[in-house]
Amino acid sequence: MAKEYNFQEIEKKWHEQWTKWHTYEVSEDSARKKFYVLNMFPYPSGAGLHVGHPLGYIASDIYARYKRLSGFNVLNPMGYDSYGLPAEQYAIQTGQHPEKTTYANIDRYREQLDKIGFCFDWSREVRTCDPGYYKWTQWAFQKMFGSYFCTAAGKAQLIEQLIAHFEEKGTEGLTAACGEELAFSAEEWKAMDEKEKSQTLMNYRIAFLGETMVNWCPKLGTVLANDEVIDGVSERGGYPVEQKKMRQWCLRVSAYAQRLLDGLQTIEWSDSIKETQKNWIGRSEGAEVQIKVADSDVDFTIFTTRADTMFGVTFFVLAPESELVAKLTTAEQKEEVDKYLAYVKSRTERERMIDHTVTGVFSGAYGINPITGDKCPIYIAEYVLSGYGTGAIMAVPAHDSRDYAFARHFNLPIIPLVEGADVSEESYDAKEGTVMNSPMEGKTSFKGFSLNGLSVKEAIAATKKFVSENGLGRVKVNFRLRDAIFSRQRYWGEPFPVYYKQGIPCMIPEECLPVELPQVENFLPTESGEPPLGNAQLWAWDEANRKIVDKALIDEKTVFPIELFTMPGFAGSSAYYLRYMDPKNGEALVSENNAQYWQNVDLYVGGSEHATGHLIYSRFWNKFLFDLGISSKEEPFQKLINQGMIQGRSNFVYRIKDTNTFVSLGLKDQYDTTPIHVDVNIVKNDVLDTDAFKAWRPEYETAEFILEDGKYICGWAVEKMSKSMFNVVNPDMIVEKYGADTLRLYEMFLGPVEQSKPWDTNGIDGCHRFLKKFWALYWDKEGQFTANDSEPTAENLKSLHKLIKKVSADIESFSYNTSISAFMVATTELGQQKCCSRAILEQMAVLIAPFCPHIAEELWEALGKTTSVCDAQWPELNEDYLVEDKVKMPIQFNGKVRFTMEFPADASKESMIEAAMNAPEAAKFLKGMQVVKQIVVPGRIINLVVKPE
RNA sequence: GCCCAGAUGGUGGAAUUGGUAGACACGAGGGACUUAAAAUCCCUUGACCAUUGCGGUCGUACGGGUUCGAGUCCCGUUCCGGGCACCA
């Protein structure tokens with residue numbers, strides 16, 4: 001029988017056993033309550049896992065195992081997000097085909113993951129680049145193409161219903177989310193040819209082909225979604241991004257903006273991530289007002305959230321990209337306007353973001369304020385964005401800082417509208433105060449409308465009401481959330497199941513899916529944006545024979561070109577949680593039975609960096625599938641835990657300038673030194689292994705050291721874990737040296753799951769020592785198994801049940817670090833008690849199983865069990881064992897602890913106060929004093945407030 | 001600029017939500033065992049004063065406040081992290 005805690009042997013044994021027993025494979029079992037735990041599946045990047053990656057997986061694994069022990073049927077799947085830019089960029093950098101590198105990376109990931117002892121059901125693995133998987137990505141896209149969003153019903157409906165509406169009434173009474181407001185009659189609809197009809201419907205489809213401004217990244221050779229662009233450069237690679245008008249597939253995410261916002265109230269996510277999504281969705285309620293252009297029959301619409309300030313409008317501003325610019329510009333101003341437009345066009349997105357200097361030009365035209373009747377000049381300026389609202393604003397310099405800066409620059413009038421607001425130096429933007437000058441004294445306004453004397457908030461409401469009642473405009477809600485650009489000019493992604501018949505996009509029939517990614521010789525992207533799929537020879541659709549054929553056969557009558565774009569990275573990751581419920585189903589994305597059983601994800605664990613990407617798209621995608629009746633819950637992820645990042649802890653050596661001599665940290669200030677990153681793997685407790693350092697790199701072979709106390713002490717700093725900082729710690733190495741159970745324990749012991757923290761291998765010894773101590777509860781020094789049938793003592797039971805109480809509560813609240821502390825305390829206690837009771841030791845093994853499954857199995861087996869510890873029962877808490885018969889209470893006088901006393905647990909407040917006052921220690925505090933207040937918090941404190949008599 | 005979340009020993013972090021701050025662990029110092037090392041075990045470890053004994057004072061970023069009592073609640077300030085940002 002084993003004596004030493006031989007983790008290597010134990011972990012190998014149980015990994016094999018679990019595979020043999022299919023321990024972690026689950027099936028739908030309507031007799032048992034389900035619980036769905038999910039990790040954000042990884043991109044299999046080339047660098048492999050570092051010690052930070054498994055953090056979230058370990059946290060969710062503990063929860064999954066705990067839930068399983070508590071009697072739930074737990075689904076805990078894993079897979080790979082293997083399509084998209086990261087995988088492809090890696091392939092390009094290493095000069096290999098993305099398919100090859102992706103599969104190699106997946107194997108490497110799997111190997112690493114397997115060492116850590118997760119309870120993943122690998123029989124349900126999905127890979128987004130697998131045709132059997134992306135068939136359903138393509139299928140969902142086609143469903144979106146075949147749907148529109150009905151604003152009256154608040155949900156997606158079949159496009160056929162919209163067509164029927166057009167046939168009958170044209171756009172009259174239409175309630176559909178759309179790109180632009182169109183108006184046509186039934187006759188006009190019927191008179192359209194196929195192409196015009198197709199184009200018209202694109203304005204309503206949820207997946208649509210649109211001519212829009214996109215983020216074009218020439219270096220990556222593709223367009224990017226808004227969340228893939230950060231500070232004007234690409235998230236991946238940091239390459240410049242420019243605005244370009246292109247024909248692209250888009251998803252009408254904006255139609256779901258309100259539902260995406262409302263849904264946040266129904267889910268258990270952190271406030272910060274909800275806040276981030278709220279900001280990203282950016283709802284703002286305001287009014288759209290029609291503005292007539294003087295001496296012309298043109299009019300335009302502005303959007304404002306400050307309807308109350310209409311009396312302070314002194315000019316209007318159009319976005320340079322607005323179609324109105326050409327219509328309004330007068331002949332005299334044309335030259336100047338053109339010059340300005342050319343200037344704006346020359347500026348990159350990044351320049352526009354950083355540089356906020358005031359620029360603009362007068363169009364020559366005047367707009368008429370519908371309430372005051374005043375004629376105000378119309379300007380064109382880049383500070384107004386074409387993509388938001390209507391691309392036109394009314395400017396109120398007194399109460400908007402941007403308008404203020406513009407007015408000052410162009411010497412335009414500023415009319416204050418709030419009593420007491422000083423606008424001589426800056427605008428008054430706050431929505432507070434009493435309204436004045438609305439209208440100004442002696443002036444009249446439309447229908448005698450006046451806001452004077454109201455508070456700003458009342459004035460906003462009153463103006464909205466007035467504007468809509470008098471047909472001057474309407475109340476309107478705007479969202480910052482834009483439609484998602486859904487196509488990429490890259491190779492490594494899902495192909496679109498679309499072909500072009502005389503230029504009209506048509507769907508490849510559902511039965512013919514998936515449309516598999518064709519092999520191409522050259523998959524590199526091009527700066528001009530020619531998609532790599534253009535290099536595919538077998539890439540044409542034979543409509544009659546319903547198959548993919550050589551594109552040489554294209555004849556525009558029966559054989560048509562297939563779409564060359566591919567889908568973006570978020571396509572495959574948007575509904576993968578549904579596929580795990582039924583991963584091998586060839587007939588449906590997920591069967592009704594399985595969707596009903598598993599419902600939605602109960603616990604989702606992943607990084608907060610996906611807040612405005614994946615977590616928005618997924619919610620949108622799921623809502624769409626919910627409208628179709630596929631998904632059984634409106635929100636995909638009920639509870640979300642964002643694990644923090646594990647940062648690296650870098651070490652430094654200090655080289656004296658122009659030498660090869662290195663000086664220890666404490667002495668470095670005496671020299672002129674340069675800090676140099678040193679590999680953390682040759683440093684222990686900040687002490688450098690100098691021999692290893694000499695061997696590390698050739699240039700250090702002759703290195704000399706100035707030591708302190710015979711040691712070379714390194715400096716340290718917390719930085720991102722990355723190869724270039726030499727602070728990457730590989731989990732494989734930790735598993736080899738300490739075992740997976742120690743790794744799991746230590747990752748959780750490091751601190752709260754949701755917090756970012758630096759990795760420091762040094763502390764790991766403490767966790768490893770604990771496991772050895774835990775082991776020693778079962779095996780004594782002579783290698784004898786200690787458990788026997790002796791009755792547990794009251795002390796034993798108390799230690800155990802204290803632990804049950806703490807661990808159960810801590811797992812539920814993801815406070816794993818404190819429950820590990822509790823394990824350490826309980827183990828020490830039981831060790832001191834020399835506890836040999838089988839009843840206690842069995843429960844201890846079950847309690848540790850979620851954290852350290854391997855050692856738990858080994859001990860469970862040693863206890864004579866023949867089934868896996870995973871199938872045991874979570875111990876039940878019996879509070880009776882925790883009841884104290886005596887309580888120690890600190891006695892305070894005037895809020896300060898003076899001494900402590902012991903009382904029977906059931907002592908009354910009065911008797912305790914009396915005893916405290918009669919205690920000999922109390923005498924000096926009571927001398928010449930009288931008690932004015934007595935406070936007793938049972939089990940906590942007794943406080944007597946005294947005052948001189 | 002707006003919004004959100006933080007700040008506790010040399011280090012990672014606890015504190016039952018207003019009740020003895022610093023659990024647990026690392027590191028450090030001292031000791032035991034050993035020829036020696038490793039491993040293991042024991043003691044000390046927030047600061048300062050007193051250590052001839054119990055002990056005392058100050059301490060949770062800073063400044064105020066509420067309270068018998070504040071790391072925890074309120075007001076103000078500083079610093080770090082995250083989100084949004086010419087969004088009308």
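Proteins get letters first, then strands, A, B, ... in listed order; numbering begins at 1 in each.
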Could you check whether A/Arg649 makes a cation-pi contact with A/Trp759, meaning its NZ or CZ is under 6.0 Å from the centre of the six-membered ring and within 45° of the ring axis? no
Distance under 6.0 Å and angle within 45° of the ring axis: does A/Arg619 meet both against A/Trp269? yes
Of the options [options], whose atoms approach the side-chain atoms of [X] most closely?
| X | options | value |
| --- | --- | --- |
| A/Arg480 | B/rG19, B/rA85, B/rA23 | B/rA85 |
| A/Phe303 | B/rG19, B/rA88, B/rC3 | B/rA88 |
| A/Glu275 | B/rC86, B/rC24, B/rC3 | B/rC3 |
| A/Ser272 | B/rA25, B/rC26, B/rC4 | B/rC4 |
| A/Leu385 | B/rU20, B/rG27, B/rC86 | B/rC86 |
| A/Asn817 | B/rA14, B/rU20, B/rA88 | B/rA14 |
| A/Thr304 | B/rU20, B/rA88, B/rG13 | B/rA88 |
| A/Lys772 | B/rU20, B/rA39, B/rC84 | B/rA39 |
| A/Thr818 | B/rU20, B/rA15, B/rU16 | B/rA15 |
| A/Pro752 | B/rA14, B/rU40, B/rC86 | B/rA14 |

Locate the shortest heavy-atom distance separating A/Ile646 from A/Leu750; write the atom from each residue and the value. CD1-CD2, 4.0 Å
Establish whether the base of B/rG13 is bridged to the side chain of A/Gln755 by a donor-acceptor pair shorter than 3.5 Å. no
Classify the side chain of A/Arg649 and the base of B/rU11 as holding, or not holding, a donor-acceptor pair under 3.5 Å. no
A/Glu288 side chain to A/Arg474 main-chain N or O, any donor-acceptor pair under 3.5 Å? no
Whole-Å gap separating [atom2] ([N]) and [atom1] ([X]):
| X | N | atom1 | atom2 | answer |
| --- | --- | --- | --- | --- |
| A/Phe749 | B/rG13 | CZ | P | 11 Å |
| A/Asp227 | B/rG83 | CG | C1' | 13 Å |
| A/Ile460 | B/rA88 | CD1 | C1' | 12 Å |
| A/Glu754 | B/rG6 | CD | C1' | 13 Å |
| A/Ile281 | B/rG83 | CD1 | P | 17 Å |
| A/Asp810 | B/rA14 | CG | C1' | 11 Å |

When the ring planes of A/His768 and A/Tyr5 are compared, do they come out parallel, tilted or perpendicular, using 30° and 60° as the limits? tilted
Measure the acute angle between the ring planes of A/Tyr881 and A/His801, then classify it against the limits of 30° and 60° as parallel, tilted or perpendicular. tilted
Expressed as a whole number of Å, how far does the [atom1] atom of [N] sit from that of [M]?
| N | M | atom1 | answer |
| --- | --- | --- | --- |
| B/rG81 | B/rA7 | C1' | 11 Å |
| B/rU72 | B/rU67 | P | 16 Å |
| B/rG71 | B/rG59 | C1' | 11 Å |
| B/rC73 | B/rG18 | P | 8 Å |
| B/rG63 | B/rA70 | P | 15 Å |
| B/rG22 | B/rA14 | P | 15 Å |
| B/rU11 | B/rA88 | C1' | 50 Å |
| B/rU40 | B/rA47 | P | 27 Å |

Identify whether any heavy atom of [X] sits under 4.0 Å from a base atom; if not, whether one sits that close to sugar-phosphate; answer base, sugar-phosphate or nothing.
| X | value |
| --- | --- |
| A/Val825 | sugar-phosphate |
| A/Asn894 | sugar-phosphate |
| A/Val317 | nothing |

Residue mapping more 5' on RNA chain B - nearest nucleotide basis, A/Val897 or A/Gln832: A/Val897
RNA chain B: 5'-proximal contact among A/Gly282 and A/Gly751 (nearest heavy atom): A/Gly751
For A/Lys805, salt bridge (charged side-chain N to carboxylate O under 4.0 Å, His left out) partners two or more places apart: A/Glu879
Between [X] and [N], does any side-chain N or O lie under 4.0 Å from OP1 or OP2?
| X | N | value |
| --- | --- | --- |
| A/Tyr388 | B/rA88 | yes |
| A/Thr276 | B/rC3 | no |
| A/Arg769 | B/rC26 | yes |

Kindly express the pairing pattern of RNA chain B in dot-bracket notation, using | wherever a base pairs with another strand and counting only Watson-Crick or G-U pairs under 3.5 Å. ((((.((..(((......[....)))((((((.......))))))((((.....))))..(((((..]....))))))).))))....
